[in-house]
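Inspection log for the structure reproduced underneath, given as structure tokens.
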Protein chains: 4
Amino acid sequence: MGAMPTRALPAQTRRAPASARGARTRQALVEAARTVFERDGFIDARITDISAEAGVAAGSFYTYFTGKEDVLAAVLAEVEDEMLHPRLREFADRDDPVTVIETANRAYLEAYRRNAKLMGLMEEVAQVDERFRRLRRRRMRAFAERNAQALARLQEQGIADPALDPRLAAQALSVMVSRMAYLRYVDGFGNDSTDALAATLTRLWTGALGIRR
Amino acid sequence: MGAMPTRALPAQTRRAPASARGARTRQALVEAARTVFERDGFIDARITDISAEAGVAAGSFYTYFTGKEDVLAAVLAEVEDEMLHPRLREFADRDDPVTVIETANRAYLEAYRRNAKLMGLMEEVAQVDERFRRLRRRRMRAFAERNAQALARLQEQGIADPALDPRLAAQALSVMVSRMAYLRYVDGFGNDSTDALAATLTRLWTGALGIRR
Amino acid sequence: MGAMPTRALPAQTRRAPASARGARTRQALVEAARTVFERDGFIDARITDISAEAGVAAGSFYTYFTGKEDVLAAVLAEVEDEMLHPRLREFADRDDPVTVIETANRAYLEAYRRNAKLMGLMEEVAQVDERFRRLRRRRMRAFAERNAQALARLQEQGIADPALDPRLAAQALSVMVSRMAYLRYVDGFGNDSTDALAATLTRLWTGALGIRR
Amino acid sequence: MGAMPTRALPAQTRRAPASARGARTRQALVEAARTVFERDGFIDARITDISAEAGVAAGSFYTYFTGKEDVLAAVLAEVEDEMLHPRLREFADRDDPVTVIETANRAYLEAYRRNAKLMGLMEEVAQVDERFRRLRRRRMRAFAERNAQALARLQEQGIADPALDPRLAAQALSVMVSRMAYLRYVDGFGNDSTDALAATLTRLWTGALGIRR
DNA sequence: AATGAATGAGCATTCATTCAT
DNA sequence: AATGAATGAATGCTCATTCAT
């Protein structure tokens with residue numbers, strides 16, 4: 001399966017640093033930006049705070065980035081592999097579908113929890129910037145299509161409810177998991193354990209798909 | 001069913017207008033605020049735009065409201081009944097659970113679609129203001145508890161999967177519907193018809209709950 | 001003859017103040033702007049200096065003007081009547097054309113000298129801002145046309161050289177006077193007296209037009 | 001007639017390049033500067049644009065020049081012969097003064113037209129930098145003195161109006177031509193042909209000087 | 001109650017110039 | 001000689017909020 005092929009944001013950006021020193025400065029800025037974003041959120045983060053946190057002059061920021069959105073894109077690019085949607089792995093006929101689903105859901109919840117700050121940041125910025133909204137849509141579409149294929153396969157095998165629209169069903173169930181993760185780990189809603197969440201969500205998935213246990 | 005029990009936001013607010021003229025001005029401001037919020041979003045809306053839209057002087061705004069959040073609370077209070085979560089009505093033993101669920105989901109999707117601007121506003125503002133985030137949590141909890149009770153009853157009757165945590169399951173399924181509605185009607189994701197959405201979501205609900213058809 | 005009909009600059013501007021207090025503040029800003037512009041020139045003038053000179057808060061500037069160009073337009077509007085190009089008054093057949101020309105030239109030189117700072121400002125800003133360049137062209141055209149008519153009349157009367165293109169000739173002679181005034185009073189070129197300048201320029205005009213003395 | 005006696009600007013400048021490579025880089029910068037100045041004007045031209053246009057690193061600029069004024073001086077030095085004022089050539093008693101004047105005016109207008117960008121640059125920069133203002137004054141003085149001598153000679157010969165102050169008259173008439181050229185070719189005022197301009201200006205010159213045709 | 005003028009904090013961004021490699 | 005990264009000063013403009021009429 002490997003890493004998700006999400007391309008970089010089509011963000012206008014500066015050219016890559018030509019020297020090692022430049023690469024170091026750029027990196028320092030990306031790390032500082034992550035710190036500041038996680039601490040203050042996207043809207044309240046000031047460019048000067050990022051520069052200060054990175055220990056460079058205010059103007060140096062613009063040597064590498066065109067603005068806040070641009071660094072954010074760089075920050076997100078760095079953690080792209082962890083920014084998952086719940087995704088079923090390919091499974092062979094002999095695999096137990098319930099286990100596959102459970103594994104995917106649990107992995108997703110745990111990744112979300114680990115990167116909660118960043119995931120919240122994504123939601124915040126998607127609310128505010130069309131470019132990131134587009135990115136979110138693109139990612140979701142990619143995941144939904146993948147899961148739709150897995151679901152279609154289960155239907156062909158007579159394992160899943162054939163009456164379901166595989167695309168819509170896959171999307172809805174993905175969204176259920178990701179939104180629950182958001183509410184639990186970002187919004188602070190409820191205090192259920194990741195285990196409890198994973199168990200319930202998996203049971204809902206399998207039931208929803210009509211998979212017999 | 002009756003009115004939703006969500007109390008008004010504990011927003012600091014000015015006293016109610018004493019005169020009829022004052023009442024009219026206040027009302028004009030609330031309506032203007034809704035117009036401006038729906039047009040520009042919460043963050044980009046400026047108090048002066050609201051005053052201008054209402055046809056009053058800038059300063060008059062503060063006679064009635066303490067700030068942007070305060071008017072927004074007033075706007076939301078006016079349309080409170082339209083701000084729904086998917087909710088199962090009480091149902092008697094003779095009712096068909098599938099029909100009850102389908103009706104609730106369809107009604108919710110349609111209400112969401114009708115009030116898409118406002119629902120998007122809620123999401124935007126929840127992202128930005130803790131007080132509205134709290135409001136959102138409170139509402140969700142109320143709905144989830146209601147639906148949890150309905151679900152528990154279905155379990156008692158042997159209709160729904162007894163292995164499910166009724167509270168978590170109710171929350172997850174509600175969240176699935178409301179997030180799908182947000183993506184479809186606010187974010188512009190996909191182009192599925194409300195019928196298709198309602199059908200798929202209902203099928204997922206019933207399957208997830210283990211209700212036999 | 002009366003005031004020149006030069007319309008206001010098509011500059012985007014704020015609405016006029018509604019109260020007497022507002023009118024006073026606006027006026028203070030216009031006067032402060034003139035002071036600052038004459039002292040520092042257009043490019044080096046800072047909005048905050050103008051606000052400070054007027055004794056108002058920085059932000060108040062924007063209650064009345066949209067920017068530096070906008071105040072400058074207001075400053076220039078106030079002194080519009082003094083901002084002349086050399087212009088022949090209407091004259092009857094019995095008037096001595098030489099005297100008419102001499103009077104116009106002298107008046108122009110004196111007005112230019114009096115408003116030298118402002119005239120220099122005009123040249124500076126025309127160099128920098130297309131809107132003012134347009135204004136300068138428009139004014140010049142208006143003056144040239146007027147003088148061209150006077151010249152054509154002299155030609156009809158057999159007083160002026162009939163071989164001259166009245167429009168081009170009028171423009172060239174006007175330009176000669178105004179540029180000499182600029183060099184003398186703004187640029188500091190030479191140290192000839194206004195009398196000497198007026199005498200020479202008039203002699204050149206009359207000779208150029210072929211008027212017999 | 002020979003080269004114009006205007007010395008180079010007393011601009012502070014770096015030493016001449018020692019190596020052939022250095023000479024090439026310097027030359028590339030001068031040419032790039034001319035390109036950028038003609039394209040963007042003096043004020044809007046950025047040093048980094050000049051370096052980029054020359055294909056060298058930003059810092060290399062300072063190996064050869066101290067700043068923008070300094071390169072500009074180098075650019076102007078390269079085209080010094082083209083930066084003319086209207087100037088009468090020496091003429092013998094047998095020459096027709098009208099022809100001499102006409103030739104000078106036409107040559108000037110054509111040179112101005114050819115170098116309009118550069119002439120406009122000179123005006124722009126004179127508005128902004130005292131050093132170039134001084135240069136402009138010095139040139140004008142040199143030309144006016146030359147023409148004053150020619151005029152005085154015509155007066156001695158009984159050809160030109162003896163009542164004119166030769167210096168002021170020469171200056172005024174030169175200024176008339178050069179300003180008309182500026183307005184026509186830089187500012188875009190009017191659309192008269194160079195022929196028409198030359199004809200009118202010459203007629204005005206000869207009339208102004210009282211030369212019989 | 002309404003008016004509308006005044007306040008003033010707050011921050012992004014550019015670009016000439018330097019200087020270590 | 002050339003490179004190119006780092007510096008950092010400098011200022012325009014918005015808009016929520018107050019308060020004198």
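Quick note on labels: first sequence line is chain A, next is B, and so on, each numbered from 1. These numbers come from the heavy atoms of this one structure, side chains and all, not from hydrogens, waters or symmetry mates. Just so it is clear, the structure is predicted and the values come from calculations on it, not from any experiment.
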For atom [atom1] of [X] and atom [atom2] of [N], their distance in whole Å:
{"X": "B:Y62", "N": "F:dC15", "atom1": "OH", "atom2": "P", "answer": "12 Å"}
{"X": "C:D70", "N": "F:dG12", "atom1": "CG", "atom2": "C1'", "answer": "15 Å"}
{"X": "C:F65", "N": "E:dA5", "atom1": "CZ", "atom2": "P", "answer": "13 Å"}
{"X": "A:E69", "N": "E:dA12", "atom1": "CD", "atom2": "C1'", "answer": "12 Å"}
{"X": "D:F61", "N": "F:dT3", "atom1": "CZ", "atom2": "P", "answer": "15 Å"}
{"X": "D:R26", "N": "F:dA2", "atom1": "CZ", "atom2": "C1'", "answer": "17 Å"}
{"X": "A:L29", "N": "E:dA12", "atom1": "CG", "atom2": "P", "answer": "14 Å"}

Next item on the list: Between A:P17 and D:R21, name the one whose nearest nucleotide on DNA chain F is closer to the 5' end.
Entry: D:R21
Item checked: Near-strand residues of residues 40-59 of chain D, defined as heavy-atom separation under 4.0 angstrom from DNA chain F -> D:V56, D:A57, D:A58, D:G59
Next item on the list: Drop me the distance from B:E53's CD to B:T48's OG1, to the nearest 0.5 angstrom.
Entry: 12.0 Å
Checklist line | Reported NZ-to-CZ distance for the pair A:K68 and A:F61, which is rounded to 0.5 angstrom | finding: 9.5 Å
Could you give the side-chain donor-acceptor pairs of residues 39-47 of chain D under 3.5 Å, partners two or more places apart or in another chain?
| from | atom 1 | to | atom 2 | distance (Å) |
| --- | --- | --- | --- | --- |
| D:R46 | NE | D:D49 | OD2 | 3.1 |
| D:R46 | NH2 | D:D49 | OD1 | 2.9 |
| D:R46 | NH2 | D:D49 | OD2 | 3.1 |

Taking all non-hydrogen atoms of both residues, which atom of [X] and which atom of [Y] are closest, and how far apart?
{"X": "A:D70", "Y": "A:F65", "result": "OD2-CA, 3.3 Å"}
{"X": "C:Y64", "Y": "C:G22", "result": "OH-CA, 3.1 Å"}
{"X": "A:S51", "Y": "A:A58", "result": "OG-O, 3.5 Å"}

Checklist line | Nucleotide nearest D:S60 when distance is taken to its side chain, options E:dT7, F:dA2, F:dT7 | finding: F:dA2
Check: Reckon C:S19 touches a base, only the sugar-phosphate, or nothing at all at heavy-atom distances under 4.0 Å?
Finding: sugar-phosphate
Next item on the list: Scan C:Y64 against the nucleic acid and name what it touches under 4.0 Å (heavy atoms): base, sugar-phosphate only, or nothing.
Entry: sugar-phosphate
Can you give each donor-acceptor pair under 3.5 Å made by side-chain atoms of residues 23-32 of chain A, sequence neighbours left out, with the distance rounded to 0.1 Å?
| from | atom 1 | to | atom 2 | distance (Å) |
| --- | --- | --- | --- | --- |
| A:T25 | OG1 | A:R21 | O | 3.2 |
| A:Q27 | NE2 | A:E31 | OE2 | 2.8 |
| A:Q27 | NE2 | A:E78 | OE2 | 3.4 |

Next item on the list: Can you sort out the partners of C:E123 under side-chain hydrogen bond (donor to acceptor under 3.5 Å, both in side chains), two or more places apart, ordered by chain and number?
Entry: C:R136, D:R179
Next item on the list: Could you pick out which residue, B:G22 or C:G22, lies toward the 5' side of DNA chain E when each is mapped onto its nearest nucleotide?
Entry: B:G22
Check: With B:E124, which residues qualify under salt bridge (charged side-chain N to carboxylate O under 4.0 Å, His left out), at least two apart?
Finding: none
Checklist line | Pairing pattern in dot-bracket form [Watson-Crick, G-U; both distances under 3.5 Å; | = partner strand] for DNA chain E | finding: .||||||||||||||||||||
